[in-house]
Amino acid sequence: MRHGVKKAKLQRTASHRKALLANQACSLITHGRITTTLAKAKALRPYVEKLITLGKNGSLHARRQALATLPQPAVVTKLFSVVADACKDRQGGYCRIVKLGQRMTDSAPMALIEIIDLPQLTAPVAPSVTTGTATSPEVAAPAAAEETPAEEQK
C-alpha cells in the first residue's frame, strides 16, 4: 500500500528520478521558467520550493544541503543570491504551473513551470530585415583587398 507516499515515480528508477529532478531544478533556477510535461512539473514544484526555502535561510548548513542536492555550484550561488532575494517576502508557493495543452508528437500533457517572483528573461527578438549577405559589396571588398598583396608578391 502507498500510505503517505506523495511523489510520483515518473516511470524511472530512484537514481534516474533524482538526477532528472536535480537537473530540471538547475534549469528552472537558471532560466526562471521551463517547459516540461505536467507530471514532471508537478514532481518538480515541491523539490524546487524546498530548495528556495533553503536559499531564504541563507546559512552555511543550508548552502551545503543545496550543494549536496544540486550538481552545479553556480546554480546554488544564484539560488542563494538572486532567487532567495526575489522570494524573501513570500511565505511559500514560489512556483507556478501553467498547463499548455498536449505535445504534438505523443500527446503528452505539457506545462510551463516558473518561479513567480523572479524577473523573467526574455528571448532576444530577431531582426525583421537581414542586414548583409555574402554577396553584398561590403563583404566582397575586403576579400579583394586581401588578394592584391598576394599578387604583388609574385
Side-chain angles (χ1 to χ4, degrees), residues 1-136 138-139 142-143:
M1 287 187 259
R2 294 175 44 92
H3 292 299
V5 178
K6 293 184 179 180
K7 64 180 161 187
K9 291 187 177 182
L10 301 174
Q11 298 180 351
R12 288 163 170 79
T13 61
S15 59
H16 189 182
R17 186 171 51 249
K18 179 181 173 185
L20 171 84
L21 291 175
N23 286 326
Q24 282 200 327
C26 285
S27 296
L28 181 60
I29 292 167
T30 302
H31 301 292
R33 67 171 63 169
I34 59 171
T35 302
T36 184
T37 62
L38 183 61
K40 289 177 190 173
K42 286 182 177 181
L44 181 63
R45 179 168 49 186
Y47 189 88
V48 171
E49 289 188 356
K50 289 172 187 170
L51 288 172
I52 293 174
T53 303
L54 283 176
K56 285 175 59 177
N57 183 352
S59 66
L60 179 61
H61 181 62
R63 185 176 293 268
R64 287 179 176 161
Q65 284 178 318
L67 281 168
T69 304
L70 297 176
Q72 300 173 8
V75 173
V76 174
T77 303
K78 183 174 181 178
L79 171 68
F80 276 75
S81 59
V82 178
V83 178
D85 288 340
C87 298
K88 65 183 173 190
D89 296 331
R90 192 174 291 272
Q91 292 291 320
Y94 310 112
C95 296
R96 172 188 302 138
I97 295 176
V98 180
K99 294 180 182 178
L100 297 177
Q102 294 180 334
R103 187 163 45 198
M104 293 292 288
T105 56
D106 60 353
S107 296
M110 298 299 289
L112 176 87
I113 182 168
E114 62 183 351
I115 300 173
I116 295 173
D117 294 324
L118 198 62
Q120 300 301 324
L121 302 174
T122 58
V125 178
S128 59
V129 177
T130 57
T131 58
T133 59
T135 59
S136 69
E138 298 167 353
V139 175

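Because the structure is a prediction, the values reported are computed rather than measured.
Using modelled atom types and a 3.5 Å distance limit, the side chains of Tyr94 and Lys56 yield a donor-acceptor pair.
Looking at heavy atoms from C-beta onward, Leu112 lies out of side-chain contact with Ile97 at the 4.5 angstrom threshold. With a 4.5 Å cut-off on side-chain heavy atoms, Arg17 and Lys9 count as touching. Put simply, the side chain of Thr37 reaches to within 4.5 Å of the side chain of Arg103, judged on heavy atoms. You'll find the side chain of Gln24 reaches within 4.5 Å of the side chain of Thr36, heavy atoms only. Two residues are said to be in side-chain contact when any heavy atoms from C-beta on lie closer than 4.5 Å; Leu67 and Pro73 meet this criterion.
Residue Cys87 comes nearest to Asp117 through the heavy atom pair CA-OD2, 3.8 Å, listed as atom of the first residue, atom of the second, then distance. Closest approach of Ser59 to Phe80, counting heavy atoms only: O-CE2, 4.2 Å.
Across Ile34, Leu70, Leu118, Ile52, a single residue satisfies side-chain contact (heavy atoms from CB on, under 4.5 Å) together with Ile29, and that is Leu70. Exactly one of Thr69, Leu28, Val75 qualifies for a side-chain contact (heavy atoms from CB on, under 4.5 Å) with Leu51. That residue is Thr69.
The 12-atom threshold is exceeded at CZ of Arg12, counting heavy atoms of other residues, nucleotides or ligands nearer than 6.0 Å.
For the atom pair Ile116 CD1 and Glu114 CD, the distance stands at 7.0 Å (nearest 0.5 Å). With values rounded to the nearest 0.5 angstrom, Gln72 atom CD is found 6.0 Å from Thr30 atom OG1. One finds the CG atom of Leu44 at 9.0 Å from the OG atom of Ser27 (value rounded to the nearest 0.5 Å). How far CD of Glu49 is from CZ of Arg90: 9.5 Å, rounded to the nearest 0.5 Å. Separation of atoms SG (Cys26) and CG (Leu79) is listed at 9.5 Å; rounding is to 0.5 Å. One finds the SG atom of Cys95 at 7.5 Å from the CZ atom of Arg45 (value rounded to the nearest 0.5 Å).
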Leu38 vs Lys42, side chain to side chain contact (heavy atoms under 4.5 Å, CB included): CA-CA, chis, key distance, verdict: CA-CA 6 Å; Leu38 183 61; Lys42 286 182 177 181; 3.9 Å; yes
Show your working on side chain to side chain contact (heavy atoms under 4.5 Å, CB included) between Arg33 and Ile115 and close with a plain yes or no. CA-CA 6 Å; Arg33 67 171 63 169; Ile115 300 173; over 6 Å; no
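Between the side chain of Lys78 and the backbone N or O of Val83, no donor-acceptor pair lies under 3.5 Å.
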